[in-house]
*Asks:* 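Handing you a structure now.
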Amino acid sequence: MVQPSFQELYSAKSDEELLTIAADIASLREDVKAILVQELERRNLQQSPSQHRVDSRPAGLTPPRALVFVGALLLNTCVALFCTPLVGAGLGKMFHPQSFSGLLWKWWTLDLLCAAGLGFSITRLWRNRSALWAWIVPALWFAVRFLPVALSGGNQSVLVGHSVWSQFSGSECMNGLQSSGCRNFFLFTLPLVRGVSYSLGVYISSTVAQSR
């Protein structure tokens, strides 16, 4: 005698019997679960809320935690790097320094405060551990340029009187935006400031939340 398939077996049962089986769906094999869910959907029956969305989904579709963490980390890094200058541009219109040193302080201060504010605010809305590590990618990016410059102190490519500090502090921007030190400042130093300040804002927000 040929045994009926699970599809035939479930189609022959009443609605009450199917719901009773669905209440213990976790004990079924994955292929049997799929057949049961299809029959429930065909009859427009609701599965148990605690099981319907979790057990009816193939286990292979659940994203690994590491992948979720990396995705969230990249998202937070993008917010720190690209949203900070947008916020800073609006606030910067209120300040009009009359000297180059004042302009340099404006760049540093706006990026530091705006990035920290973004990290603090976003953590209040969306709590995730990856935000605390938003400084990693900017730090690696900074190291790519900083280490060769720092290690080439005696190299002729670094002109006499041009210290490592001048190469990354922005002070060389007074010689023009095309100078190597000015490019290093905008391409490497400011992203590092934004990433570190963003993570600092996240840390402060988390500390405040835990103290309540």
Side-chain angles (χ1 to χ4, degrees), residues 69-126 128-209:
F69 180 88
V70 171
L73 174 62
L74 294 177
L75 178 60
N76 279 283
T77 303
C78 288
V79 171
L81 297 184
F82 302 116
C83 292
T84 295
L86 296 179
V87 177
L91 295 176
K93 295 179 180 179
M94 298 185 295
F95 305 96
H96 305 282
Q98 301 301 316
S99 64
F100 175 76
S101 60
L103 182 62
L104 193 58
W105 274 106
K106 175 183 173 180
W107 289 337
W108 275 90
T109 304
L110 282 178
D111 268 31
L112 193 153
L113 294 180
C114 291
L118 279 173
F120 185 93
S121 303
I122 288 180
T123 304
R124 308 291 289 181
L125 301 174
W126 176 42
N128 64 98
R129 294 180 300 171
S130 62
L132 192 60
W133 304 97
W135 60 270
I136 291 181
V137 174
L140 293 175
W141 173 246
F142 179 79
V144 167
R145 180 58 179 162
F146 176 79
L147 291 178
V149 172
L151 295 175
S152 63
N155 194 303
Q156 294 182 356
S157 63
V158 180
L159 299 179
V160 177
H162 285 210
S163 64
V164 174
W165 169 253
S166 69
Q167 286 288 310
F168 294 95
S169 65
S171 60
E172 279 205 5
C173 289
M174 66 185 304
N175 298 325
L177 296 178
Q178 297 303 318
S179 63
S180 62
C182 192
R183 291 198 303 269
N184 290 338
F185 174 70
F186 282 104
L187 294 178
F188 298 95
T189 302
L190 287 185
L192 177 64
V193 171
R194 294 166 189 168
V196 172
S197 300
Y198 184 90
S199 296
L200 180 61
V202 172
Y203 175 78
I204 294 174
S205 178
S206 301
T207 302
V208 171

*Asks:* Within the structure provided, determine whether Leu118 and Arg194 are in side-chain contact (heavy-atom separation under 4.5 Å).
*Replies:*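 A side-chain contact is absent here, since even the closest heavy-atom pair is not under 4.5 Å.
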*Asks:* State, to 0.1 Å, how close Ala134 and Tyr198 come at their nearest heavy-atom pair, and which atoms those are.
*Replies:*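 Of all heavy-atom pairs spanning Ala134 and Tyr198, the closest is CB-CD2, 3.6 Å.
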*Asks:* Between atom CG of Leu177 and atom CZ of Phe186, what is the distance when rounded to the nearest 0.5 Å?
*Replies:*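 Rounded to the nearest 0.5 Å, the CG-CZ separation comes out at 6.0 Å.
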*Asks:* Between Lys106 and Phe95 (side chain of the first, backbone of the second, donor and acceptor by atom type, cut-off under 3.5 Å), is there such a pair?
*Replies:*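 Between the backbone of Phe95 and the side chain of Lys106 there is a qualifying donor-acceptor contact (under 3.5 Å).
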*Asks:* Just so I know, are the side chains of Val149 and Phe168 near enough to count as touching, which here means a heavy-atom distance under 4.5 Å?
*Replies:*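 They are in contact (side-chain heavy atoms under 4.5 Å apart), so the answer is yes.
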*Asks:* If you round to the nearest 0.5 Å, how far is CD1 of Ile136 from OG of Ser199?
*Replies:*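 Reported value, rounded in 0.5 Å steps: 8.0 Å.
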*Asks:* Ignoring hydrogens and angles, write down the donor-acceptor pairs under 3.5 Å from the side chains of residues 137-147, residues two or more places apart or on other chains.
*Replies:*
from: Trp141; atom 1: NE1; to: Leu187; atom 2: O; distance (Å): 2.7
from: Arg145; atom 1: NE; to: Asn184; atom 2: OD1; distance (Å): 3.0

*Asks:* Within this structure, what is the CG-CH2 distance for the pair Asn76 and Trp133, rounded to the nearest 0.5 Å?
*Replies:*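 Output value for this atom pair is 13.5 Å.
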*Asks:* Looking only at heavy atoms, which two atoms of Glu172 and Ser180 are closest? And how far apart?
*Replies:*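 Looking at all heavy atoms of both residues, the closest pair is OE1-OG, 4.1 Å.
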*Asks:* Quick one: pull up CD1 in Ile204 and OG1 in Thr123 and give me the separation to the nearest 0.5 Å.
*Replies:*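 If we round to the nearest 0.5 Å, Ile204:CD1 and Thr123:OG1 are 10.5 Å apart.
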*Asks:* Measure the CD1-OG distance between Ile122 and Ser205 for me, rounded to the nearest 0.5 Å.
*Replies:*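 If I round to the nearest 0.5 Å, the distance is 10.5 Å.
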*Asks:* With a cut-off of 6.0 Å (strictly less than), are more than 12 heavy atoms of other residues, nucleotides or ligands near CH2 of Trp108?
*Replies:*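 Yes, CH2 of Trp108 has more than 12 neighbouring heavy atoms, counting only those of other groups under 6.0 Å.
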*Asks:* Check whether the SG atoms of Cys182 and Cys173 are less than 2.5 Å apart, and answer yes or no.
*Replies:*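 Correct, these two cysteines form a disulfide.
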*Asks:* Are the side chains of Cys114 and Leu91 in contact, using a 4.5 Å heavy-atom criterion?
*Replies:*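 In short, these two side chains touch, coming nearer than 4.5 Å.
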*Asks:* Quick one: closest heavy-atom pair of Leu110 and Gly92, and the distance?
*Replies:*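 For Leu110 versus Gly92, the nearest heavy atoms are CD1-CA, 3.7 Å.
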*Asks:* Quick one: pull up CZ in Phe82 and OG1 in Thr77 and give me the separation to the nearest 0.5 Å.
*Replies:*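 Result: 9.5 Å between the selected atoms.
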*Asks:* Just checking Trp126: does its CH2 atom have more than 12 heavy atoms from other residues, nucleotides or ligands closer to it than 6.0 angstrom?
*Replies:*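 Correct, the count exceeds 12.
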*Asks:* Nearest heavy-atom pair of Asn128 and Ala72: which atoms, and what distance?
*Replies:*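 Closest approach of Asn128 to Ala72: OD1-CB, 4.2 Å.
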